[in-house]
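The structure presented is a predicted model; accordingly, all values stated were derived computationally and were not measured.
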There are 2 protein chains.
Amino acid sequence: MQELKKNRNTLQRRIVLETVQNMTNHPDADTVYEKISKEHPLVSKATVYRNLKILAKQGLILHIPMLDGADCFDFNCLPHYHIKCRKCGGVFDVDLPYQKDICSKINRKRGFIIESHQIVFSGVCPDCQ
Amino acid sequence: MQELKKNRNTLQRRIVLETVQNMTNHPDADTVYEKISKEHPLVSKATVYRNLKILAKQGLILHIPMLDGADCFDFNCLPHYHIKCRKCGGVFDVDLPYQKDICSKINRKRGFIIESHQIVFSGVCPDCQ
DNA sequence: AATTTAATTGCAAATAATTATCAATAGCAT
DNA sequence: ATGCTATTGATAATTATTTGCAATTAAATT
C-alpha cells in the first residue's frame, strides 16, 4: 500500500508559497531562494528546493521543467504552455489553448499511457528584438 | 561579420557520429560516451560532449533537450516529437505529425519571434505497464 | 497539557550533467 | 613540408539540485 505522509504547515513552507504567488515572472528555484533570503535569511536553500517540490505535488504551484537550464515555477496552476526567450532567458505564458485531445490520439496508436505533455516554444521576446 | 569556423574531420568526430547513427534508442551524452569508450578508450568524455554539440549544430544528428534529466540525441534529423517513460526513462518517437503552423499562430498574437518548439509527452511505455 | 511521532529543517557534502581551461596535438590549405 | 588553428585529453569548475543526518518542531495521541 501507499505510505501516505501528511504535510505540515511550517513557517518556511508558508513563506515559499507566498513568495511564488507574489512572483508573476516564472522564477526558478534559485530566484525564489534569493528573494526569500533577503527578508528571511534563516531559510536555507535546500528548504526552498524541497518546499517548491512539495507545493507542486500538492498542486498549489505549477512546476515547469524547462528544456534547458533551470526548472521554473508558476503561481498559475491551470495547465498552459510557455515560451522561453533565447536572449534574456525569460519565460512567458503562451495563449495557445491547452490541447486536451492531443494525448488520446497517440494513446490509441501506440499503447502508451500518456499522462501529460509540455509544449515549450523557443524564440525572441519583443523586448529583445 | 560572422566568424565562420571550418570543421575538421577528426577520427573522434567520425566515431561519435557513427556511434549515434548506430544507436536507435535516443541515447544521452553519457550513454554515447560509455558505448564509445568500450571500443575506443582513448576518446575522452569532453570530446564526446563537444562533438555531439557540433554534430547537432551541423545538422548531422538531432539534439533533444529533455524536460528532465540529461539531454538526448537522435540519428533521425527530421523534426518530430518524443515521449519519455516515467518508469524506465526511455525516450521514444511519437508519430504525431509535426505542427508546422503552431508557431505562426502565436507569432501574430504576441510579437514574439518564434523559432522552434518542442512537445514532450510523459507517461508509461507498453513494456512498463 | 504533557508526551509521543514523524515530518521538516539547516548545514554541508554529494551528485549529475555539462562546460571551461589550457597545453599539446593534428587536420588541412598553401 | 610549413604554418595556422580547430581539436583533443585531462582535469577543474560550474550549474542545478539532492541527500545525509542530527536537531527541531508541527500535529497526533495520550
Could you go over nucleotides 28-30 of chain C and give all protein N or O partners under 3.5 Å, atom names and distances?
residue: C:dC28; atom: OP1; partner: B:Asn9; partner atom: N; Å: 3.0

Separation of C:dT8 P from A:Leu55 CG (nearest whole Å) | 10 Å
Atom pair distance, as rounded to whole Å: CG in A:Leu11 and C1' in C:dG10 = 14 Å
How far does CG of A:Asp30 sit from SG of A:Cys72, to the nearest 0.5 angstrom?
-> 13.0 Å
Ignoring hydrogens and angles, write down the donor-acceptor pairs under 3.5 Å from the side chains of residues 57-69 of chain A, residues two or more places apart or on other chains.
residue: A:His63; atom: NE2; partner: A:Asp71; partner atom: OD2; Å: 2.8

Rounded to the Å, how far apart are A:Leu42 CG and C:dG10 C1'?
-> 10 Å
B:His117 vs B:Tyr81 aromatic rings, parallel, tilted or perpendicular, using cut-offs 30° and 60°?
-> tilted
Indicate whether any N or O donor in one side chain lies under 3.5 Å from an N or O acceptor in the other, for B:Asp101 and B:Ser104.
-> no
Separation of D:dA26 P from A:Lys5 NZ (nearest whole Å) = 17 Å
Give a yes or no on whether the ring-centroid distance for B:Tyr49 and B:Tyr33 is below 6.0 angstrom.
-> no
If you restrict it to nitrogen or oxygen atoms, what contacts under 3.5 Å exist between nucleotides 22-25 of chain C and the protein, and what is each distance?
none

Using five base pairs at each end, measure the axis-to-axis angle across the helix from C:dA1-D:dT30 to C:dT30-D:dA1 and round it to 10 degrees.
-> 40°
Could you check how far NZ of B:Lys57 sits from C1' of D:dA6, rounded to whole Å?
-> 13 Å
Distance, rounded to the nearest Å, where B:Ile54 contributes CD1 and C:dG27 contributes P | 15 Å
Phosphate contact (D:dG9 OP1 or OP2) by B:Gln12 side-chain N/O below 4.0 Å | yes
Check against side-chain contact (heavy atoms from CB on, under 4.5 Å), B:Asp95 and B:His80 | CA-CA 8 Å; B:Asp95 53 0; B:His80 59 286; over 6 Å; no
Check: A:Val43 main-chain N/O paired with A:Thr47 side-chain donor or acceptor under 3.5 Å | no
Answer whether the closest heavy-atom distance between the side chains of B:Leu52 and B:Val48 falls below 4.5 Å.
-> yes
How far does CG of A:Asp74 sit from OG1 of A:Thr24, to the nearest 0.5 angstrom?
-> 9.5 Å
In whole angstroms, the gap separating C1' of C:dA26 from CZ of B:Arg13 amounts to 13 Å
Under 4.0 angstrom between A:Ser44 side-chain N/O and C:dC11 OP1 or OP2 | no
Check against side-chain contact (heavy atoms from CB on, under 4.5 Å), B:Ile113 and B:Glu115 | CA-CA 6 Å; B:Ile113 295 173; B:Glu115 295 166 340; 4.2 Å; yes
Show me the side-chain donor-acceptor pairs of residues 118-129 of chain B shorter than 3.5 Å, one per line, residues at least two apart or across chains.
residue: B:Gln129; atom: NE2; partner: A:Gly111; partner atom: O; Å: 2.8
residue: B:Gln129; atom: NE2; partner: B:Val124; partner atom: O; Å: 3.3

Closest non-hydrogen atom pair between B:Cys88 and B:Cys85, with its separation = N-SG, 3.4 Å
Rounded to the nearest 0.5 Å, what separation is found between the CZ atom of A:Phe75 and the CG atom of A:Leu17?
-> 12.0 Å
Give the rounded distance in Å between these two atoms: CD1 of B:Ile15 and P of C:dA26.
-> 14 Å
What protein N or O atoms touch nucleotides 15-17 of chain D N or O atoms at under 3.5 angstrom, if any, and at what distances?
residue: D:dT17; atom: OP1; partner: A:Asp71; partner atom: N; Å: 3.0
residue: D:dT17; atom: OP2; partner: A:Tyr49; partner atom: OH; Å: 3.3

For A:Thr31 and A:Asp28, test the side chains for any donor-to-acceptor distance below 3.5 angstrom and give the result as yes or no.
-> yes
